[in-house]
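Taking it in order: structure first as structure tokens, then the write-up.
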Amino acid sequence: MKCDPTIYRGAPPSLAVKPRLLRHLLLPPLILLLTIGLGYAGYRVSEHFGIRSLSENGERQLELHARTVESELGKYTYLPSLLELESSVSHLLADPTAQNRVTVNQYLEGLNRRSRSRAIYVLDTTGRVMATSNWRDADSYLGEDLSFRAYFQDAVRGQPGRFYGIGSTSGEPGYYLAHGLEEQGKIIGVAVIKVRLEALEERWQRARLEAYVSDENGIIILSSDPTRRLKSVRPLTADTKEQLARSLQYYWWPLNELQPVEREHLAEGVETVTFAASSGLAKDEKEVSYLAQTRKLNDTPWEITLLTPLQDLRREAANQGMLVAVAFALLAFLLIAWNERRKVIATRLAAREALQEANNQLERKITERTAHLRASNERLKGQIRERRQAEDTLRRAQDELVQAGKLAAIGQMSTSIAHELNQPLAALRTLSGNTIRFLQRGDLKVAADNLNTINNLVDRMGRITANLRSFARRGDDQGQASLGKAVEATLQLLALRLEAAGVELQRDFSDVQLKIDQTRLEQILVNLIGNALDAMQDQAAPKKLWLEGEPGDGKYRLRVRDNGPGIDPESRKHLFEPFFTTKPGEQGLGLGLTLSASLAAAAGGSLSVEFPATGGAAFVLLLPLLQPAKAEPI
Ligand code: ADP
């Protein structure tokens, strides 16, 4: 099968390959970029909604804890002002005797114990401690000058003193609430209560809550994480620093700034902050992020900040982002696979169509060629019919010619037969006359001899007439003949001519039984020997005729050879053609060899000619043997 190459014609390779190559090169990085981008977007969206949900929850928590802090602070707000009502305090401030001091000290001691505050003490208007609840302790404030404290300065001016600081004596942090003690509209002293707020921190720690409270200076005064305590949440100005140093509010504490690694403002009082990891955190986490929500605490200049860790949220968001990226990658992979499959199917369809087309073309060609073949077959059949008709016509003409030839030969032979018959007839007449006379004389023996000779002559005449009949017979030869008898009969027929010509005859053959009618074999031999005699007619002696035979391959080969003039090359070509003769006048009809050859062929044999180097002509008669083994020499 030869496919049409144009069916598979595609775009030139340089043009077809480049865009595909480009696509294959660009697609993977593009998909990777999109995967990363979508993953990041998924992360951000998840984080955004997570933060929103966290901040809603955080707001409630913040409110709750702010209220707790406010109520904790509120518990002590009115305690210092209560001392205004205590007459022993005003007596002491008016008359600072040892007795009065002891009375007030004991009173304050009891009050402090009941209120569970850290210390309660009373200052005069110069800032000196006049009486204190811790008067028994070694580090008692008694007699100390605390005029530099801001809470004293506020209170002595009649304003509420609110102050978180580190005690200058004990070095212990605490919340100081101061109140100016008035008598008849005049400040006579200041009552101060120091409260420890560690309970709040402990409560936060127990609840695993991260929170801190920063004061008006931005210094963290309460923190669930002790490392953040007394650090500033915003930068301190030089003035503030100087003022704080002067008031010793935080004693000599370094007041480092709490510096977040990253800070992002989200809304009013809401931001995300990232701190460098503190020692308490897991070692593999270098940074920790929080959602920081801040709210002002009522009745104080302080702010409370709730820190909600963002690790879990970020981990969740990262998982979500990863999920989005994986989903997209999967989708992209499925799309690519689907597209590839679609292309493969399209290619297969195209190939199938091309194959179908090639098949159709092939079938068309086969149909066309079959039609051509059928037409030429029909033409050939017509030609064969015509040839057969021509052959039939030719054969009929040939048969007719052969028949005509036979009739002509009979005509010719009848002359010689008449001549042949006249001689025995004449002999018969003489012999029969003589026999009558010998019988009359009573010489029976000579009469019997004559009658025997008469009998032989009659036989011979019968055979001559039989020859005539056989010439007219048609059809295949199914008979059998004795070569010896045939040769004898022929020589008898031609005896006169042989004698007249003085031919020397040489016989060298066996008396074999041949598959041919006896008469036909005699006819062939008459023709061959007759021709030899004709050829040697005008020749000087010695005239020789050889009859040589030999068996071989189931057949017997009889050679009739003469030493006549032979046959010239031009005549050799036409010897077996009907009506070819070189004999002058009425002598030859040119049918002898033709008929002999056809008789031999009808018997399954052949007749051919040879030209011996010694001269003359040799006709070879090949005939099938009846019993090939029984060949005896004559
Ligand atoms: P016809 O004898 O009537 O001519 P044939 O067919 O028997 O016809 O012979 C054809 C020719 O073959 C003869 O005319 C003769 O020229 C040639 N021919 C046949 N036998 C011999 C022979 N033995 N020697 C020479 N020529 C021969």
Side-chain angles (χ1 to χ4, degrees), residues 398-399 401-417 419-420 467-468 470-472 486-487 490-491 493-494 496-498 500-509 519-549 557-602 605-622:
Q398 205 171 353
D399 286 352
L401 276 173
V402 169
Q403 197 61 19
K406 279 184 180 177
L407 291 172
I410 288 165
Q412 190 201 19
M413 277 177 72
S414 58
T415 317
S416 63
I417 286 165
H419 173 71
E420 290 293 320
N467 275 345
L468 272 174
S470 71
F471 257 110
V487 171
T490 308
L491 293 177
L493 198 64
L494 298 171
L496 287 172
R497 290 184 63 194
L498 282 164
V503 173
E504 197 181 310
L505 183 66
Q506 300 250 348
R507 303 176 195 213
D508 183 15
F509 61 91
T519 321
R520 290 187 178 194
L521 179 58
E522 287 171 15
Q523 282 172 10
I524 294 169
L525 291 174
V526 166
N527 277 329
L528 297 179
I529 296 171
N531 277 346
L533 291 177
D534 286 341
M536 294 188 291
Q537 196 174 6
D538 303 327
Q539 188 181 306
K543 298 177 184 174
K544 287 189 179 172
L545 184 67
W546 290 269
L547 295 176
E548 302 157 326
R557 184 181 146 94
L558 182 71
R559 223 154 76 115
V560 181
R561 180 157 74 92
D562 61 59
N563 67 340
I567 303 164
D568 63 87
E570 185 52 37
S571 301
R572 285 177 191 179
K573 296 180 204 163
H574 310 291
L575 281 182
F576 293 95
E577 288 174 9
F579 302 110
F580 174 75
T581 180
T582 57
K583 293 170 189 172
E586 295 293 308
Q587 280 180 32
L589 274 174
L591 288 170
L593 286 179
T594 313
L595 284 172
S596 300
S598 76
L599 289 173
S606 67
L607 179 65
S608 56
V609 65
E610 289 175 357
F611 307 101
T614 49
F619 283 85
V620 178
L621 178 64
L622 197 66

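Throughout, numbering of the chain's residues begins at 1 and tracks the sequence. Counting starts at 1 for both ligands and their atoms, following the listed order. Owing to the predicted nature of the structure, the values given are computational and were not obtained by experimental measurement. Excluded from the calculations below are hydrogen atoms, water molecules and symmetry mates; all remaining heavy atoms, backbone and side chain alike, are included.
- Under the side-chain contact (heavy atoms from CB on, under 4.5 Å) criterion, L622 pairs with K555, R557, S606, not counting sequence neighbours.
- For E548, the salt bridge (Lys or Arg N to Asp or Glu O under 4.0 Å) test picks out R559, R561, with sequence neighbours left out.
- Between L593 and ligand 1, at least one pair of N/O atoms sits closer than 3.5 Å.
- A532 counts as a contact of ligand 1, since one of its heavy atoms falls under 4.0 Å from the ligand.
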Discussion item. Side chain to side chain contact (heavy atoms under 4.5 Å, CB included), that's the test. Do N563 and W546 meet it? Break it down for me.
Written reply: CA-CA 9 Å; N563 67 340; W546 290 269; 4.0 Å; yes

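- Taking 4.5 Å as the limit, some side-chain heavy atom of L521 sits within range of a side-chain heavy atom of L621.
- Residue D562 approaches ligand 1 through these ligand atoms, each under 4.0 Å from one of its heavy atoms: 22 (C), 23 (N).
- In this structure, F580 and H574 have tilted ring planes: the angle between them lies in the 30° to 60° band.
- Distances shorter than 4.0 angstrom do not occur between any heavy atom of S596 and any atom of ligand 1.
- By heavy-atom distance, the residue among I567, N531, T581 lying nearest atom 19 (C) of ligand 1 is N531.
- Ligand 1 lies within reach of F619, whose nearest heavy atom is under 4.0 Å from it.
- Atoms of ligand 1 lying under 4.0 Å from at least one heavy atom of G566, given by number and element, are 25 (C).
- Annotation: side chain of V487 is not in contact with side chain of I529 (no heavy-atom distance under 4.5 Å).
- Distances shorter than 4.0 angstrom occur between a heavy atom of L575 and an atom of ligand 1.
- Here the side chains of L558 and L528 are not in contact, with every heavy-atom distance at 4.5 Å or above.
- Counting heavy atoms under 4.0 Å from ligand 1, residue T594 does not touch it at all.
- Close contacts of ligand 1 with A535, meaning ligand atoms under 4.0 Å from a residue heavy atom, involve 22 (C), 24 (N), 25 (C).
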